[in-house]
Structures are given as C-alpha cells and as structure tokens.
Amino acid sequence: MIRAGVIGVGYWGPNLIRNFIANPETEMYICCDLNDKRLQYINSLYPAVLTTKDSAEIIKDQKVDLVAICTPVHTHYKLAKAALEAGKHVLIEKPMTSSSAQAEELIDLARKKDRRIFVDHTFVYTGSVRKIKELIQNGELGDIYYFDSVRINLGMFQHDVNVLWDLSTHDISIMQFLLTVKPESVVATGADHFGHGLEDIAYLTVYYPNNLIANIHTNWLSPVKIRETLIAGSKKMVVWDDNQPSEKVRIYDKGVEVIQSADQVYNLLIQYRTGDMHCPRLDGREALNVEIEQIVDCLKNNKPSCADGEAGWMVVKILESAQKSIKQRGKEIKI
Ligand SMILES: NC(=O)c1ccc[n+]([C@@H]2O[C@H](COP(=O)([O-])OP(=O)(O)OC[C@H]3O[C@@H](n4cnc5c(N)ncnc54)[C@H](O)[C@@H]3O)[C@@H](O)[C@H]2O)c1
C-alpha cells in the first residue's frame, strides 16, 4: 500500500484525492491546505482522510510514502525539496517548477535520496494521447512533419503564471511525450492586455531537427473553447479534437507526394493522396486514474515513468525559453 499525502486542495487537488481513494493500492491518508474552508470541504466528502494546515506535518509523517504537491507553481520547488529531503517520493503538479535550475536541483536531490519524482502531465495518460503515441511508434503516421495545437477559451486567468505557463504546459508535455526529440530552439510572441505583466495570449513555435516544427497557440481571451491538435506525418495525418464527446481522434489517410520528373529537374510535381478517414476506439478511463496506476507500478516494480523529473524539466526549459523570447518580441532562443 502506498500512503499518499496531498498538499493543496483547491481546484485540482480534490481530483487527486478522489483518484488516490479509487486506486486499491494507494491509501489517501492526509491532506493539507492553508484555507480552512477547503479542508472542511474535503472533510465533508471524505471524513476518513486526515487534514492539517501545516504541510510540514505531512512531509515529516513517517507513514507517508508519496507527497502530491498541488499548490500554485511558485511553491512547488520549496515543498518538493522539503519532501524529497524527508525521504518521500513526490508527485508535482504541472509545470514542475518556476525555473529549469530549480527542476535540475530537485532531480539531483531525488537521485541522492534514491526517491522518485513524478510530474502531473495529466494529458499524456489520456486514451487519445496514448493512441496517438501508438500510431507514431508503430510507424503508421510515417515521419512526423509538424505538431500544431490550439488551446483557447475564455479564462481562467491565473494570478501567478501567464497563459503560456498555465495552458501551453499541457501541449508541450503532450508534444514532448509524442515526439521524444530534443528541441533546438523556440520563438514565442504574446501580449498582456490588462497590465498584470502576465500574457493572456501566446503563440509558441518550437524548432526540432530534420525540419520538424511545432506550433502551440494558447489564449484566455477567446469567445470559444477550442482544444484541437493536428499532427501530420509522411504517411497519415491525425486530428485530435478533445472537445468531441466521442471520436476525438481521427486518422486521415491523406498527404502529398512530390515527384521529380527526370526531364524537368526543377519542376516538382505534387500529387495529392486523399484516402479514408477512421476513428480508433479509445480507452475512456479518466487520465488521473491511469496515471496513479502507473505511478504505483513504477514504484512497486522500479519502472521508468513517462512523466518523470527530466520530462518536467524539459517542459519548464521550453517555457522558460519561450518567456525570454516573448520579452524580446519573438527572438529565437536556443534550447
Ligand atoms: N494537471 C492538470 O490538469 C491541472 C489542472 C489544474 C491545475 N493544475 C495545477 O495544480 C496546481 C494548483 O492549481 P489549482 O488550480 O488547484 O490552484 P488553487 O489556487 O485552486 O488551489 C491551490 C491551493 O493550494 C493551497 N496552498 C497554497 N500554498 C499552500 C501551502 N504552502 N500549503 C498548503 N496549501 C497551500 C491554497 O490555499 C489553495 O487552496 C497548479 O500547479 C496548477 O498548474 C493542474
């Protein structure tokens, strides 16, 4: 049995609690929040779960094996460091830390303490993303040309991070999970329309080797909610529309072939291929349920995780570089 303590039970923390309770191999033991009302809420739902206002109580408790950190981003580093130093495994909310230097420090500390870091890159555990990963891995899409994602809606404005650190984190973690290639550089632009110093719209381009390119558009100021990702390969193309209640992933047998005629070396002939479209069956389980199952498996059987400290670091590194680029109106920043 893995005993879990959750720090931070605002909007997202209760989802972790519910899923720790649902998993037969985890015990949801104790949770913490600075806000009494949030603790009362958890108490009313789950009277058996202990509550405290002091995170140190969770971190020092000998019975706790895994500390989940579900507080605002600027607090992740300090809480995760204290938990790792106390010999706990940690599950840190996305994005892992406020800087890549902090993430590096936590990775080193976990190594020294022989503890594990998991980062809650929730989307990589969805049936849609796991299906797309399978298509890429088994070569069905061919060589990947681009990853293009749009995640826009009205709000929720965050107080401590901009739209890039809030929403693009999801797309970057999905993109890195799927492409498994180290990016070369980023170019990003964005704007803060309310003078908070936090951009509410951002456009991020990531350059990879071999002409692979990615674009992520995130926006808190959109009248409509769009959650759409396009991935084009040399053989097939995928459209993932996460707003659809079913048939979220569509695989198109479409593409282009370039033929160079012998007599006209400089004349390229583009041939279009328009075949069938099909929607694969997806695992409909809640992502957090799958995630906790995999965390248990990693801990019990010493297996690697697809959302470990290094994966968290890469997401933060891309975000940090993108932030530098935004401040310089789209200057290219090497990773
Ligand atoms: N994985 C996902 O899909 C997903 C979705 C939403 C939020 N998140 C992440 O979860 C984290 C929390 O976001 P949220 O929307 O739940 O925020 P929130 O503001 O609703 O909740 C955060 C809670 O943490 C508490 N808190 C702050 N500092 C604390 C401390 N030192 N000790 C104990 N409690 C403390 C606050 O009182 C608050 O109740 C963020 O990192 C966010 O990016 C992830």
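Computation of the quantities below employed the complete heavy-atom set of this structure, encompassing side-chain atoms and omitting hydrogens, waters and symmetry-equivalent molecules. If you read the sequence from its start, that first residue is 1, and numbering goes on from there. Counting convention: from 1, in listed order, for ligands and their atoms alike.
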Within reach of ligand 1, part of I7 (heavy-atom separation under 4.0 Å): side chain
Side chain, backbone, both or neither: the part of K94 lying under 4.0 Å from ligand 1 by heavy atom: both
Is it the case that ligand 1 has an N or O less than 3.5 angstrom from some N or O of T71? yes
Taking atom 7 (C) of ligand 1 as the reference point, the nearest protein heavy atom with its distance: W12 CB, 3.7 Å
Determine, step by step, whether D308 and R116 satisfy the salt bridge (Lys or Arg N to Asp or Glu O under 4.0 Å) criterion, reporting the C-alpha distance in whole Å, the side-chain angles of both residues, the deciding distance to 0.1 Å, and the verdict. CA-CA 8 Å; D308 57 8; R116 300 287 298 269; over 6 Å; no
Check S100 against E320 and note the closest heavy-atom contact, atom names and distance. OG-OE1, 2.6 Å
Establish whether F123 and V150 are linked, either directly or via other cluster members, by ILVMFWY side-chain heavy-atom contacts under 4.5 Å. no
Does any N or O of ligand 1 fall below 3.5 Å from an N or O anywhere on S55, backbone included? no
Among L34, D33, N35, which one puts a heavy atom closest to atom 37 (O) of ligand 1? D33
Shortest non-hydrogen contact from D297 to K303? OD2-NZ, 2.8 Å
At under 4.0 Å between heavy atoms, which part of T122 makes contact with ligand 1: side chain, backbone, both or neither? side chain
Please determine if E27 and K63 form a salt bridge, counting it only when a charged side-chain N lies under 4.0 Å from a carboxylate O. no
Hey, which atoms in ligand 1 end up nearer than 4.0 Å to a heavy atom of H76? 41 (O)
Any atoms of ligand 1 less than 4.0 Å from a non-hydrogen atom of C32? List them with their elements. 33 (C)
Would you indicate whether N138, at its atom CG, is surrounded by more than 12 heavy atoms from other residues, nucleotides or ligands within a distance under 6.0 Å? yes
Considering only NZ, NE, NH1 and NH2 on the basic side and carboxylate oxygens on the acidic side, decide whether K53 and D36 come within less than 4.0 Å. yes
Identity and separation of the nearest protein heavy atom to atom 6 (C) of ligand 1: Y11 CE2, 3.6 Å
For I92 against A80, the heavy-atom pair lying closest together: CD1-CB, 3.7 Å
Ligand 1 atoms nearer than 4.0 angstrom to some heavy atom of D120 are 1 (N)
Atom 3 (O) of ligand 1: of H170, H74, H121, E93, the nearest heavy atom sits on H170
Group every Ile, Leu, Val, Met, Phe, Trp and Tyr by side-chain heavy-atom contacts under 4.5 Å, then state whether L16 and V90 land in the same group. no
Check whether the side chains of Y77 and E105 place a donor and an acceptor atom closer than 3.5 Å, and report yes or no. yes
From atom 13 (O) of ligand 1, is the closest protein heavy-atom distance below 4.0 Å? no
Please write down residue, atom name and distance for the protein heavy atom closest to atom 21 (O) of ligand 1. G10 CA, 3.3 Å
Closest heavy-atom approach to atom 27 (C) of ligand 1 among P72, P95, G8 is made by P72
Is there at least one protein heavy-atom neighbour under 4.0 Å from atom 17 (O) of ligand 1? no
Output yes when the distance from some N or O of ligand 1 to some N or O of Q158 is under 3.5 Å, and no in every other case. no
Among L319, I172, T218, find the residue that satisfies the side chain to side chain contact (heavy atoms under 4.5 Å, CB included) test when tested with L204. I172
